[in-house]
Amino acid sequence: MQAHATVRTTVSLESAAPIVRRRLLRWYDRHRRELPWRRNPPDPYATLVSEFMLQQTQVKTVLPYFERFMRRFPTLRSLASASIDDVLPFWAGLGYYRRCHHLHAAACAIVDRHQGRIPKDVEALRALPGVGAYTAGAIASIVFNVAVPAVDGNVCRVLARLRGDDPKSAGSRPLNEMLAARLVAPRRPGDFNQALMELGALICTPRSPDCPRCPLRALCPSRDRTAALPARRKTPPSESPRTLHVVALAILRKEQTFLVRRPDRGLWAGLYMWPTAECLPHADRDAVALNLCRRLLPRAAALPRHAGHVRHVLTHRTVHFDVYVVRVSVGARPTITGRWRLPTSPGTDPPLSTAQRKLEACLVSHASA
DNA sequence: TTCCAGGCTG
DNA sequence: CAGCCTGGAA
């Protein structure tokens, strides 16, 4: 019964495709936000950079990072010829650092495999690191006017509601992809895809859609159904994320502090952090810090002093940092490789994650206290 | 304070 | 399917 109704809705929507396109594009022409990567004609490289940054990240957050990034790496070749360590500082704080590694690798691949020109073909785009179905569709349609869909989270929600379906229901995704493929405007695919995303971001929002302002309200079976949206969960049905306890050691040498580089994969890939030692929840932190200190600086006489505590939450874990400080003499050299950095250098080099910036703030307030 | 949103990879 | 990160909303 439910399936039958869904099919009927889809069919009628497809017969209304010309109306959907017209209303959506008309609305987009009037209400689209002016964004630095939206140029006329579209800039292929700026589009590539923006699409990587916009994966899992909202426009407002991306804006300052995009501007800085484009000033430093204005062309695809300038990005490809830089080393990853020159690029990461411009991503530090934006999160999902694998995207930065992928973007850099994609730029290199485009230089190697496509003579430095971003490919038009969806398959060739998909073969680039960090480019999935959505990003390939977005670039092909926006930059090259190829009539393919680009279904991100926003579009998925808009189309599901347009079908009268719950966006979070299990089978929603493939149905939305099919509908998107049939709806996409053949003459203006890039604008059409961006219009759907813009609608999802500005009007058809997850929790409080502004149906009266929606250009598709007359066609939408979900209009004015905000009250039916599932309420926000109050008590966590799932267990809370795994908790990690860590002692971080800030080694201070004159005005400098010692940082180590994280591996190129996994958490905070390629970013820098203060040396740490994991410990059990009830471990004696002073002892763990002293142990870490002895391991890194066998000849240090000073004792590490507790500087504060930082809690940082990630998707699947919560990290508790106990921050310790130890001063060393000018000649001191830790037993592991790393880099010395000024305590609060205004630049972003070497790159620190948001978690490490919390530690930095902790150190600064401890130093001034 | 907790919850939620948001693409791609191995 | 788990892992990845942060900002903003509730």
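Residue numbers begin at 1 in each chain, while the letters A, B, ... track the order of the sequences. Since we're looking at a predicted model, the values are computed, not measured.
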Name every residue in residues 261-272 of chain A that has at least one heavy atom under 4.0 Å from any atom of DNA chain B, in order of residue number, or write none if there are no such residues. none
How are the rings of Phe66(A) and Trp37(A) set to each other: parallel, tilted or perpendicular (split at 30° and 60°)? perpendicular
Look at the side-chain N and O atoms of Ser353(A) and state whether any lies under 4.0 Å from the OP1 or OP2 oxygen of dC5(C). no
Ignoring backbone atoms, establish whether Lys168(A) has a side-chain N or O less than 4.0 Å from OP1 or OP2 of dA5(B). yes
How about CZ on Arg305(A), more than 12 heavy atoms from neighbouring residues, nucleotides or ligands closer than 6.0 Å, or not? no
So, OP1 or OP2 of dG7(B): does either fall under 4.0 Å of a side-chain N or O from His102(A)? no
Of all the nucleotides listed (dG3(C), dG6(B), dT9(B)), which has the minimum atom distance to the side chain of Arg126(A)? dT9(B)
Report yes if at least one side-chain N or O of Arg157(A) is closer than 4.0 Å to OP1 or OP2 of dG6(B); otherwise report no. yes
So what does Thr57(A) hit on the nucleic acid, given a heavy-atom distance under 4.0 Å: a base, only sugar-phosphate, or nothing? nothing
Compare side-chain N and O positions of Arg99(A) against OP1 and OP2 of dT6(C) and report whether any pair is under 4.0 Å apart. no
Pair Asp286(A), His306(A): side-chain N/O donor-acceptor within cut-off below 3.5 Å: no
So, under a plain 3.5 Å distance rule, would you say the side chain of Gln55(A) forms a donor-acceptor pair with the base of dG7(B)? no
To the nearest Å, give me how far apart CE (Met53(A)) and C1' (dG7(C)) are. 16 Å
Between dC8(B), dT6(C), dA5(B), which nucleotide has the shortest distance from any of its atoms to the side chain of Thr135(A)? dC8(B)
Shortest side-chain distance from Thr61(A), nucleotide among dC4(C), dG7(C), dA5(B): dG7(C)
Looking at Lys60(A), I'd like to know whether one of its side-chain N or O atoms comes within less than 4.0 Å of OP1 or OP2 on dG7(C). no
Name the residue closer to the 5' end of DNA chain C, choosing between Ser208(A) and His312(A) according to the nucleotide with the nearest heavy atom. His312(A)
Could you verify whether a donor N or O on one side chain and an acceptor N or O on the other, from Arg157(A) and Asn176(A), lie under 3.5 Å apart? no
Select from Gln56(A) and Arg311(A) the residue whose nearest nucleotide in DNA chain B is closer to the 5' end of that strand. Arg311(A)
Are side-chain N/O atoms of Ser353(A) and Arg262(A) paired as donor and acceptor at under 3.5 Å? no
Salt bridge (charged side-chain N to carboxylate O under 4.0 Å, His left out), paired with Glu198(A), selected from Arg32(A), Arg38(A), Arg30(A): Arg38(A)
Under 4.0 Å, counting only non-hydrogen atoms across every strand here, what does Tyr96(A) touch: a base, just sugar-phosphate, or nothing? base
May I ask you to evaluate whether Thr354(A) reaches the phosphate of dT6(C), defined as a side-chain N or O under 4.0 Å from OP1 or OP2? yes
Under a 4.0 Å threshold between the charged nitrogen and the carboxylate oxygen, would Asp85(A) count as salt-bridged to Arg339(A)? no
